[in-house]
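Notes follow once the structure below has been shown.
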Amino acid sequence: MAQEPGGQSQAAADRGYAGQVEQAGRDDGGSQLSNQERPVRVRVAPSPTGDPHVGTAYIALFNMCFARKMGGQFILRIEDTDQARSTPESEAAIFRALHWLGLDYDEGPDAGGPHGPYRQSERSAIYAREVKKLLDSGHAYYCFCTAERLAQVKEAQKAAKGQLRYDGHCRPLDRAEAERRVAAGEPFVIRLAVPATGETTFRDRLRGEIKFDNSTIDDQVLLKSDGLPTYHLASVVDDHLMEITHVCRAEEWITSTPKHVLLYDAFGWTAPEFIHMPLLRNADRSKISKRKNPTSLDWYRSQGFLPEALLNFLGLLGYSMPDGREQFTLAEMIDEFSWDRVNTTGPVFDLEKLDWLNGTYIRALSPETFVARLQAENFLPVGATPEKMLAAAPLVQERTKRLSEVADLTAFLWQELPYEPSALLPAKKGQPLHTAAETRQILEQVRTVFSEIAATQTWSAAALEQSARTLAESGDWKPTELFMTLRIAITGRPVSTPLFETMVVLGLEEAMKRLDHAIAKLE
RNA sequence: GGCCCUAUCGUCUAGCGGUUAGGACACGGCCCUUUCAAGGCCGCGAUACGGGUUCGAAUCCCGUUAGGGUCACCA
């Protein structure tokens, strides 16, 4: 990479400076070992604004897999340097969501660890200290430009169809003079002094060499006027001090990576290896957004997606297992993990496939686990009992894609649903096949026969079906016609879990009561 | 618009110079069946385009086109 001459000598000077820092004590995140030689340490660094994002889980998953595969550490760092948007509620929601998914980190705000604090708002002194080094070495400078001036410059550049970037107005300012203005209380920011010429290159693990002309890189603000760092400064400083070896983040960061590389150079630190994951997409292929796609992990949880299913699904996006299997556990994914099988094209987040996958996980649950999950996640309908749900579980699981559907699917078990009397009459193309009187008559026969069964035999689905079938055939009813009439009488709906099994679950007394009600409706 | 990334069925993907381009979701049909599901079988359906390199390109290179990202004192 062709650095301008000045930049190179500056970098050399920095190395000596960095050496002093190391002697000074525990500020030595960057050992001289390469990233291949150091123990793997990766992180996910969400910003606590709004709902916990599905993209955070996606990136966390891949970081986690790599860390576990390599026997390294996985860290959570909260990037809350935006005072206006960060909230404690959002932070708590991130912790909750990640733990729900089983993406447990080794170090983090709520997990502790030797490289804390893990919340950037608590690290201000560190950034102030580090940015001063940049000021001293000439890699950063004070800027007093007002928002208005910046806006004007941008307008002028737009009009001239030139590049949109800071014009370097404050860069030539004398350091002593600048500090006098700072001391006088004038608002300021600190900017990165990007070399005017040359280019900055880095290697992306997935895409190879990526090259940027320095002339296209902005003099990025490092320290905001509120005294807090921007993402660029904070993440570079923290990744270094936290001894992060691999930065795996979303593709949207590629264009700011050269700024980070320049920062590592300016500090005299070894840059981590960069891995830019593809961006999750909406159906129209734009970056996934809450306007076009559910993005909140809380939403997925409230819909009744199982964490293991969601994780499996995320693992299918931009990634594939060596044997092509599509259903796998986190442990299996870790076991087989390799960056070599990560794609670079942004996958569309397909909710339909998630539904299918979630359904397969729900069906694989034991009835006991199924009910336990419903209870734990508050999906047990009002009035439902775990005992009855357990009995119904095998019938319900097979028809459930999301746990949230269970309430509707089993509604008739906990209450008698209203329906129109006409719904009891079998019909074909709008034409009734039997009159109300005929229907009432056969229902009365059914009630009689079922009562006998109840008195003499076990209340089994097979026995009920057999007698109902016999009854229908002895009359001029097709079994399916009678079954549909019974289905309406018992469940109140034309679509339900299998009729006779359902009656068994419902119980003798309740089923007979509903038959009586149906007969009454036909009088 | 500048810069950067990307390009196999509608969607998720396999493929890493020689395959009838494979699988999954979705969709359609059939079977099973008591409705809905689940399950089984079958079908539909892709290498963006144009140049090269090569005996041979989905695979390698270049260009075009298209899509995306990014150009904040947000991350």
Side-chain angles (χ1 to χ4, degrees), chain A residues 45-49 79-82 84-86 120 143 145 147 150 154 157-158 161-166 187-191 204 206-207 210-213 215-218 220-232 234-235 249-258 276 278-279 281 283-287 313 316-327 340-341 343-357 359-360 363 395-401 409 465 468-469 478-484 486-488 491 493-501:
Chain A
S47 158
T49 55
E79 310 239 336
D80 56 351
T81 56
D82 184 338
R85 295 200 304 149
S86 299
Q120 289 184 329
C143 171
C145 290
L150 260 21
K154 186 179 271 186
Q157 288 173 339
K158 229 179 241 175
K161 291 196 160 102
Q163 280 188 53
L164 268 46
R165 44 174 296 202
Y166 180 61
F188 70 96
V189 300
I190 293 176
R191 287 179 183 275
D204 180 273
L206 269 23
R207 302 152 210 269
I210 299 179
K211 193 183 292 183
F212 290 84
D213 208 287
S215 64
T216 65
I217 305 173
D218 208 352
Q220 183 64 47
V221 170
L222 300 176
L223 203 71
K224 300 180 281 186
S225 55
D226 64 2
L228 293 180
T230 58
Y231 168 85
H232 309 283
S235 74
R249 76 232 299 188
E251 185 183 2
E252 57 187 329
W253 294 107
I254 288 181
T255 42
S256 48
T257 302
H276 290 97
L279 230 29
R281 312 290 189 98
D284 65 3
R285 297 213 165 268
S286 55
K287 177 165 80 167
F313 179 67
L316 244 25
L317 301 180
Y319 188 75
S320 60
M321 291 291 261
D323 63 356
R325 97 191 97 132
E326 295 202 292
Q327 299 182 41
D340 293 339
R341 281 194 311 281
N343 278 158
T344 46
T345 44
V348 170
F349 194 99
D350 181 5
L351 215 44
E352 284 192 340
K353 187 150 185 176
L354 208 211
D355 270 326
W356 163 75
L357 195 57
T360 68
R363 271 172 258 137
L395 309 179
V396 175
Q397 282 173 264
E398 203 167 271
R399 295 167 172 75
T400 306
K401 285 193 163 78
L409 216 50
E465 178 180 347
R469 209 174 270 282
K478 288 183 186 164
T480 55
E481 292 166 7
L482 176 57
F483 292 172
M484 185 51 79
L486 280 174
R487 186 184 311 284
I488 300 291
T491 71
R493 294 182 185 178
V495 172
S496 76
T497 45
L499 180 58
F500 301 105
E501 284 90 333

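Lettering follows sequence order; numbering is per chain, from 1.
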Protein-nucleotide distance (D323(A), atom CG; rG23(B), atom P), rounded to Å: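 It works out to 15 Å between those atoms.
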Sugar-phosphate only, base, or nothing, as touched by K158(A) at under 4.0 Å among non-hydrogen atoms: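 No contact.
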Sugar-phosphate, base or nothing in reach of D355(A), heavy atoms under 4.0 Å: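 No contact.
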Check: N343(A)/T345(A) side-chain N/O donor and acceptor closer than 3.5 Å: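 Result is no, nothing qualifies.
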Donor on one side chain, acceptor on other, R207(A) and T344(A), under 3.5 Å: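 Checked: R207(A)/T344(A) side chains show no N/O donor-acceptor pair below 3.5 Å.
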Check for a donor-acceptor pair, side chain of [X] on one end and backbone N or O of [Y] on the other, with a separation under 3.5 Å.
{"X": "R493(A)", "Y": "L409(A)", "value": "no"}
{"X": "D350(A)", "Y": "E352(A)", "value": "yes"}
{"X": "R341(A)", "Y": "S320(A)", "value": "yes"}
{"X": "T81(A)", "Y": "L228(A)", "value": "no"}
{"X": "Q157(A)", "Y": "R165(A)", "value": "yes"}

State the pairing partner of [N]; accept Watson-Crick or G-U wobble contacts with both distances under 3.5 Å, and report none otherwise.
{"N": "rG10(B)", "value": "rC25(B)"}
{"N": "rU70(B)", "value": "rG2(B)"}
{"N": "rU64(B)", "value": "rA48(B)"}
{"N": "rU20(B)", "value": "none"}

5' priority, RNA chain B, between F349(A) and T216(A) [closest heavy atom]: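 In this pair, the answer is T216(A).
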Residue met sooner reading RNA chain B from 5', once P347(A) and L206(A) are mapped to nucleotides: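 Counting from the 5' end, the first nearest nucleotide belongs to L206(A).
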Aromatic ring pairing F349(A)/F313(A), orientation class (parallel under 30°, perpendicular over 60°, tilted between):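 Answer is perpendicular, since the angle exceeds 60°.
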Per-nucleotide protein contact string for nucleotides 33-39 of chain B, where B marks a base within reach and S marks sugar-phosphate only (heavy atoms under 4.0 Å, - for neither): -BBBBSS
Base versus backbone protein contacts along nucleotides 68-75 of chain B [heavy-atom cut-off under 4.0 Å; B, S, -]: SBSSSBBB
Heavy-atom side-chain contact between Q120(A) and P229(A) under 4.5 Å: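 A side-chain contact is absent here, since even the closest heavy-atom pair is not under 4.5 Å.
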Nearest to side-chain heavy atoms of N343(A), which nucleotide of rA14(B), rC4(B), rU11(B):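 From the listed options, rA14(B) comes nearest.
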Integer angstrom distance from the P of rG23(B) to that of rG43(B):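 The same atom, P, in both gives a distance of 10 Å.
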